[in-house]
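A short worksheet on the structure shown next.
All of these numbers come straight from a predicted model, not from anything done at the bench. Numbers restart at 1 for each chain; the letters A, B, ... are given by sequence-line order, proteins then strands.
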Amino acid sequence: MSKVVKIAEISNYAGEEVTIEGWLYNKRSSGKLRFLLVRDGSETIQCVVFKNSVSEESFMDADKVTQESSVRVTGVVAEDKRSPLGYELQINTFEIIQLAHDYPITKKEHGTDFLMDHRHLWLRSSQQYAIIRIRHEIIRSAREFFDDRGFTLVDTPIFTPNAAEGTSTLFETDYFGENAYLTQSGQLYAEAGAMAFGKAYCFGPTFRAEKSKTRRHLTEFWMIEPEVAFFDLNDDMILAEEFVSHMVQSVIKNKQKELQAIERDTQKLELVKLPFPKIHYNEAVDILKKNNIDFKDGDDFGGTDETVISDQFEKPVIIHHYPAAIKAFYMKRDEQNPEYALAMDMLAPEGYGEIIGGSQREDDYDTLLGRIKEHNLSEEAFKWYLDLRKYGSVPHSGFGLGIERTVSWICGLKHVRETIPFPRLMQRIYP
RNA sequence: UCCAGCGUAGCUCAAUCGGCAGAGCGGGUGGCUGUUAACCACUAGGUUGUAGGUUCAAGUCCUACCGCUGGAGCCA
């Protein structure tokens, strides 16, 4: 056995004999030749086994090897223009580590339910592999963006005590005889982080027990939430657009191969450059009216409304100053026009809908306490949150970005379920 | 929770007006020295989601249930 190398680094070993450890992706044969596509997690390479060049045992193994069997191959790296990788391996020895039987995912088409039942294996397929690699790049560049700007990561809890905004969409668990809920958002805790570190962000899973069966919903999804002290709504919108632009540019720069594998039209991503359009809620309503959409002024936008609005632009669009009545209790109101909240949402293009929701937060103690009472929320549960307005309160703002919807948009997918390794949906908790 | 559509081989799908259950892929056997979801030949593989009903006859029509898919509301 020669040096074990990763296929992604194979170009450094042209003409040399190397060993690759991986899995059989596909097999083709022609007479005394066996063409074996071997993947090792970094890349896929075609291995050529010629009957007269290997031992009888190696050729028999190459003949009977099945899809997704684990294998160890040793051969000479040969440049080959016919190969998509540019190189193939001329095999000297071929060894089966474990022979797989009846791998369920075949080369032809499969239905969604079947693939989801085999999600643990589906991840090995080239498109799913590419999507998860792009997801990784999105998360990597998101962390990079905040880390490079002096933000401190403040991890927020997943178990939370009394419900923040009603219990209907919360997952309830037993916490040593008390009720605890899985977090819907780390925001309130991130605000505490902002008062300690100036610029803070949290990143983790969030849970919503919404009975939503659509292409945009998961019951468990990941959210990254920056929160900044001495920051107003305008600062918040600028941070949001710079952030989204940074992630898109990073994917374009570092994940070309993966974008090609999933056949993403990257021209549409190239258009995502600063600045993004920013429109007032009322302007968004005007767009709907111009397009003859039946819409009641003051309501929140539905799925089709969002698509109509975002279709006016080729970049993500930020909508700001929503009616306060349809927004959360902690959002600060516009002093000039208190009917409106200092809130903003970002809608992704191509009908992908809301990827960001954010606002300037209410920073006045008495006003916030009043809102808590208006919403019939427990004053006791929010005592610590009110403390933030009691001890050195400052204007501050933040937002939350849903990772899965962002991945879905950047990858151009039909459904968010493919953007996370093991999706949790209303009707699915397996595997 | 509500609305709509779909459940046939391991998988993806056919099956005309209610009249013999059939293809491809995958599996097995054999062939081929450059294959690219390789190809060619042969082969095995079925309680048509479940229960009931109508009919000489049901994959096909009716009822209920189960499952899946998409959507609405709500949201990232």
Side-chain angles (χ1 to χ4, degrees), chain A residues 25-37 44-53 59 63-64 66-68 78 80-85 88 90 100-118 121-122 125-127 165-166 168-170 183-187 205-225 240 244 299-307 326-328 344-348 352-358 399-409 414-417 419-420 425-428:
Chain A
Y25 195 68
N26 195 12
K27 178 174 73 174
R28 294 179 285 265
S29 70
S30 178
K32 290 171 182 156
L33 286 170
R34 297 291 177 272
F35 300 96
L36 308 172
L37 272 147
T44 303
I45 192 168
Q46 174 162 281
C47 301
V48 185
V49 185
F50 179 44
K51 191 172 185 180
N52 298 348
S53 305
F59 192 75
D63 196 49
K64 75 177 185 196
T66 52
Q67 195 186 358
E68 288 303 323
D80 194 308
K81 282 176 187 145
R82 288 167 291 191
S83 151
L85 188 67
E88 55 180 34
Q90 301 287 345
H101 288 289
D102 299 328
Y103 186 71
I105 300 176
T106 65
K107 288 177 276 187
K108 292 267 176 152
E109 289 166 49
H110 297 283
T112 303
D113 192 42
F114 176 81
L115 288 168
M116 276 299 163
D117 276 341
H118 297 87
L121 304 175
W122 191 23
S125 303
S126 59
Q127 298 214 342
E165 300 174 57
S168 62
T169 63
L170 287 164
T183 183
Q184 283 191 313
S185 158
Q187 181 208 312
T206 52
F207 308 86
R208 308 247 169 122
E210 288 159 5
K211 291 181 177 171
S212 302
K213 287 194 291 186
T214 80
R215 68 185 71 203
R216 301 189 310 279
H217 289 88
L218 298 167
T219 56
E220 178 180 314
F221 66 96
W222 287 65
M223 195 149 65
I224 189 159
E225 296 171 275
V244 169
D299 276 2
D300 207 350
F301 304 119
T304 35
D305 302 329
E306 286 182 354
T307 303
I326 56 167
K327 286 293 180 183
M344 62 100 172
D345 283 357
M346 188 190 291
L347 307 184
Y352 281 92
E354 188 180 345
I355 53 171
I356 278 180
F399 61 82
L401 171 129
I403 292 292
E404 287 74 17
R405 284 191 185 172
T406 305
V407 176
S408 190
W409 159 51
K414 289 196 178 86
H415 200 298
V416 285
R417 66 185 156 219
T419 65
I420 183 166
L425 297 131
M426 188 187 156
Q427 301 283 14
R428 175 172 294 281

Expected rows: protein N/O vs nucleotides 24-28 of chain B N/O, under 3.5 Å:
residue, atom, partner, partner atom, Å
B/G26, OP1, A/Lys107, NZ, 3.2

Restricting to side-chain hydrogen bond (donor to acceptor under 3.5 Å, both in side chains), what partner residues turn up for [X], sequence neighbours left out?
| X | value |
| --- | --- |
| A/Thr304 | none |
| A/His118 | none |
| A/Asp299 | none |
| A/Thr106 | A/His110 |

> Between atom CZ in A/Arg28 and atom P in B/C40, what is the gap in whole Å?
Replying inline: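 It works out to 15 Å between those atoms.
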Residues forming a salt bridge (Lys or Arg N to Asp or Glu O under 4.0 Å) with [X], sequence neighbours excluded:
| X | result |
| --- | --- |
| A/Glu225 | none |
| A/Arg34 | A/Asp63 |
| A/Lys27 | none |
| A/Asp102 | none |

> What residues, two or more places apart in sequence or in another chain, satisfy side chain to side chain contact (heavy atoms under 4.5 Å, CB included) together with A/Thr66?
Replying inline: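 Side chain to side chain contact (heavy atoms under 4.5 Å, CB included) check on A/Thr66 returns A/Ser69, A/Leu99, A/Ala100.
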>> Base contacts versus sugar-phosphate-only contacts with protein, heavy atoms under 4.0 Å: please encode nucleotides 68-76 of chain B as B, S and - from 5' to 3'.
In response: SBSBBBBBB
> Please, what dot-bracket string fits RNA chain B when only Watson-Crick and G-U pairs with both distances under 3.5 Å count, crossing ones use [ ] and pairs to another strand use |?
Replying inline: (((((((..((((.....[..)))).(((((.......))))).....(((((..]....))))))))))))....
